[in-house]
Amino acid sequence: MIKARGLTRTFTARGRAVEAVRGIDLDVASGELVGFLGPNGAGKTTTLRMLTTLLTPTSGEALVAGADLLTDPAGVRARIGYVGQGNGGGLDQQVGHELVMQARLHGLSSAQAHRRVEDIATTFELTELMDRLVITLSGGQKRRVDIALGVLHRPSLVFLDEPSTGLDPQSRDNLWRHIRDLRDQRGATVFLTTHYLDEADALCDRIIIDNGAIVAEGSPDELKRRVAGDLVELGVSDPGEAMTLAGNVPGATELAHTEQKVSFRVPRGDTVLPGLLRELDRAEIRVDAVATHRPTLDDVFLGLTGRSLREAA
């Protein structure tokens, strides 16, 4: 669905060139739900705007939904849906009127448009909102209207730019369900940008980490496995002796201790803890607390870039 090679975008600011995107190579297969993860300012939205023909690349090339980005931008636009960060619905318009007008702009007859809007309203739980003005809707309702506007023409590829920014947790969960349904129920390929770790982890088959250039990609689990194991933390009565015993655990790395705690990383912390706890008990070292932490996408980002995604954002 997407094959990009060497995409760059340079802006001029205060008389000097600023590289917003530095040579991106990108492949997205049909039917994937792919997350483009990175901090604000990393070039995610610029990349998305290039792939959707809203910005011309400074250099590079791409095929998007089978159409050449540079020589056939109209072909690209006919085959994709795009939902930007801002609300797409006219605030002083009724939801139903906005949807019907969008369908008519895509060339449907009046009867076809009303049938299509009825279907999309059911899918995105908008039926009870059709007579409401867009300005009166909640944030989550507005985002559902935005996505409905972006997929009315049944595109094979849907771009979502920071789809859940500003939503409360309940609205985000509801929106995530609708995004999954775009792929699972409607067969669309979905490419979304986000700086929310939980959103990328919960939604995406594959994640591409962007830090001005692509630094890693893979499924959430594959990326987490790049971090050297689970983090194990023990509150103990004798940290020095406990760290010696922890150092005997096969595969243990990053051993450290304070006056009250020992920590280390090890593959599958849940499987090594029982044996280590028995060793501590035999050494008469009291254990006051035990915690294991699976690697997170923030750990992955920290390992790849030297800073956490939250700090970068």
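Throughout, numbering of the chain's residues begins at 1 and tracks the sequence. Computed from heavy atoms alone, side chains included, the values below leave out hydrogens, waters and symmetry copies.
Residue pairs that meet the salt bridge (Lys or Arg N to Asp or Glu O under 4.0 Å) test with at least one member in residues 167-179, sequence neighbours left out, are E125-R177, R172-D198. Applying the ring pair (Phe, Tyr, Trp, His ring centres under 6.0 Å) definition to pairs two or more places apart or across chains, those involving residues 34-77 are F36-F191. Evaluation of the side chain to side chain donor-acceptor pair (under 3.5 Å) test over residues 199-209, restricted to residues two or more places apart or in two chains, returns E32-R206, S164-E199, W176-E199, R183-D205, T194-E199, D201-K224, R206-E217.
Take D27 and apply the salt bridge (Lys or Arg N to Asp or Glu O under 4.0 Å) test, not counting sequence neighbours, and it matches R5. Residues passing the salt bridge (Lys or Arg N to Asp or Glu O under 4.0 Å) test with E19: none are found, sequence neighbours excluded. R79 pairs by the salt bridge (Lys or Arg N to Asp or Glu O under 4.0 Å) definition with nothing, not counting sequence neighbours. Take R132 and apply the salt bridge (Lys or Arg N to Asp or Glu O under 4.0 Å) test, not counting sequence neighbours, and it matches no residue. Residues satisfying the ring pair (Phe, Tyr, Trp, His ring centres under 6.0 Å) test with Y82, not counting sequence neighbours, are none.
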Review item, side-chain donor-acceptor pairs of residues 234-246, under 3.5 Å, at least two apart:
| unit_1 | atom_1 | unit_2 | atom_2 | d |
| --- | --- | --- | --- | --- |
| S237 | OG | R286 | N | 2.9 |
| D238 | OD1 | G240 | N | 3.4 |
| D238 | OD1 | E241 | N | 3.2 |
| T244 | OG1 | G240 | O | 3.3 |

Distance-only criterion, 3.5 Å: show the donor-acceptor pairs between side-chain atoms of residues 272-279 and protein atoms not counting sequence neighbours.
| unit_1 | atom_1 | unit_2 | atom_2 | d |
| --- | --- | --- | --- | --- |
| E279 | OE2 | R282 | NH2 | 2.5 |

Can you list, pair by pair, the side-chain donor-acceptor contacts under 3.5 Å of residues 8-16, counting residues two or more places apart and other chains?
| unit_1 | atom_1 | unit_2 | atom_2 | d |
| --- | --- | --- | --- | --- |
| T8 | OG1 | S59 | N | 3.2 |
| T8 | OG1 | S59 | OG | 2.5 |
| R9 | NH1 | T56 | O | 2.4 |

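Across every non-hydrogen atom of P163 and L175, the tightest pair is O-CD2, 3.3 Å.
In the hydrophobic clustering, M101 connects to L105, either directly or through intervening members, whenever side-chain heavy atoms lie under 4.5 Å apart.
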